[in-house]
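To start, the structure under review is shown below, and the notes come after it.
In what follows, every chain begins at residue 1, and chains take the letters A, B, ... in the order their sequences are listed. Note that the structure is predicted; figures quoted are calculated from it, not measured.
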Protein chains: 2
Amino acid sequence: MEFKSNETIASQIVTYMKKEIFGGRYQAGQKIPPIREFAAFCSVNPNTVAKVYAILETEGLIYTDSTLGKFVNPNKEFLKKKRREYLQSEMAAFKEELKKCGVDEEEFLCLTKQE
Amino acid sequence: MEFKSNETIASQIVTYMKKEIFGGRYQAGQKIPPIREFAAFCSVNPNTVAKVYAILETEGLIYTDSTLGKFVNPNKEFLKKKRREYLQSEMAAFKEELKKCGVDEEEFLCLTKQE
DNA sequence: TGCCTTGTATTATTCGAGTAATACAAGCTA
DNA sequence: TAGCTTGTATTACTCGAATAATACAAGGCA
């Protein structure tokens, strides 16, 4: 896995995992990779993944069944709600940033239609 | 000025300045704040701002007239082109990220229309 | 001329993200 | 029971972003 240097690795992995969950590649209730395994996959220290998982757990996206491992929250409605909130907040932030570049509604529409 | 902790300060200031320029709050040819002054404004070390300005200069957005200071590139067409490239690449990246969350064209349209 | 502002550069230091290497507890399973 | 896998925790270390404190060169200006 590749990481940018201007953002913390943990932050990038958190974002990655959210997309995996919201994108349905980790389904509700499904087990996610053990810390050590995922750390190896990312070529990253287990402590870093532990921190990532802790953040995801705080947000309620995953839970811990020690000693079976970590699992995606089985509540599909909750995940749906979280996904919607995430997308809406991302969209709002994005539009806000574009506005700072002087992008109005018309130009925004034009941009969304590109290729 | 406020900074997030999961991204380097320099990177955040680079983004900030690009938006100031692309948004026209620093016009083509206009002088931008001296390193020391802008560092004070951001409550940041002058070295950090120097690095930021060096990055912006590498991208051709600003130039140096020592010893008068730093100025926005006076070529309006160039700035327009850079702005367009920036916006298009931001939009492409954004759509790509949403796609990973399982957002299709229809949902994307719906999201853009929110609030 | 002499001061001020400007950018540029350097050295040493601080601080926190990430690493490395363990160790421990608890439960599943053969 | 014994071993494996799981999460959790701890300590020491590395490395780079950012800071702190200067110093220097060059041009504008009073």
In whole Å, what is the span from the [atom1] atom of [X] to the [atom2] atom of [N]?
X     : N      : atom1 : atom2 : result
B:K51 : C:dT8  : NZ    : P     : 15 Å
B:I32 : C:dG7  : CD1   : C1'   : 12 Å
A:I9  : D:dG16 : CD1   : P     : 12 Å
A:N6  : D:dG16 : CG    : C1'   : 14 Å
A:D65 : D:dT6  : CG    : C1'   : 10 Å
B:E7  : D:dG16 : CD    : C1'   : 16 Å
A:K31 : D:dT6  : NZ    : C1'   : 7 Å
B:I13 : D:dA18 : CD1   : C1'   : 11 Å

Practice prompt. Look at all strands and tell whether A:A10 reaches a base, only sugar-phosphate, or nothing, counting heavy atoms closer than 4.0 Å.
Written response: sugar-phosphate

Worksheet item: Checking side-chain contact (heavy atoms from CB on, under 4.5 Å) for the pair A:K18/A:K82: CA distance, chi angles, key distance, verdict?
Response: CA-CA 10 Å; A:K18 280 189 185 174; A:K82 279 289 190 178; over 6 Å; no

Worksheet item: About how many Å separate CG of A:N6 and CD of B:E7, when rounded to the nearest 0.5 Å?
Response: 5.5 Å

Check every atom of [options] against the side chain of [X] and return the nucleotide holding the closest atom.
X     : options                : answer
B:T48 : D:dA20, D:dA18, C:dG18 : D:dA18
B:N45 : D:dT19, C:dT6, C:dG18  : D:dT19
A:N47 : D:dT19, D:dT10, D:dA17 : D:dT10

Worksheet item: Would you call the rings of A:F71 and A:Y63 parallel, tilted or perpendicular if under 30° counts as parallel and over 60° as perpendicular?
Response: parallel

Item to complete: Over 60° means perpendicular and under 30° means parallel, so classify the ring planes of B:F38 and B:Y16, tilted if in between.
Response: parallel

Fill in: Helical bend (five base pairs per end, nearest 10°) for the helix from C:dT1-D:dA30 to C:dA30-D:dT1
10°

Please tabulate the protein-to-nucleotide N/O contacts below 3.5 Å involving nucleotides 23-30 of chain C, giving atom names and distances.
from: C:dG27; atom 1: O4'; to: A:T67; atom 2: OG1; distance (Å): 3.0

Worksheet entry | Close side-chain approach of B:M91 to A:F94, heavy-atom, < 4.5 Å | yes

Item to complete: Starting from the C-alpha separation in whole Å, work towards a yes-or-no answer on salt bridge (charged side-chain N to carboxylate O under 4.0 Å, His left out) for A:E107 and B:R83.
Response: CA-CA 12 Å; A:E107 186 177 18; B:R83 177 180 178 277; 2.8 Å; yes

Worksheet item: Should A:K70 be listed as having a side-chain N or O under 4.0 Å from OP1 or OP2 of D:dT8?
Response: yes

Item to complete: Measure from NZ or CZ of A:K100 to the centre of the six-membered ring of B:F22 and say whether it is under 6.0 Å with the direction within 45° of the ring axis.
Response: no

Discussion item. Pick the closest DNA chain D nucleotide for A:S5 and for A:E37 by heavy atoms, then say which residue is nearer the 5' end.
Written reply: A:E37

Discussion item. Treating B:Q12 as the side-chain partner and B:K4 as the backbone partner, does any N or O pair qualify as donor plus acceptor under 3.5 Å?
Written reply: yes

Worksheet item: Within a radius of less than 6.0 Å around CD of A:E106, do more than 12 heavy atoms belonging to other residues, nucleotides or ligands occur?
Response: no

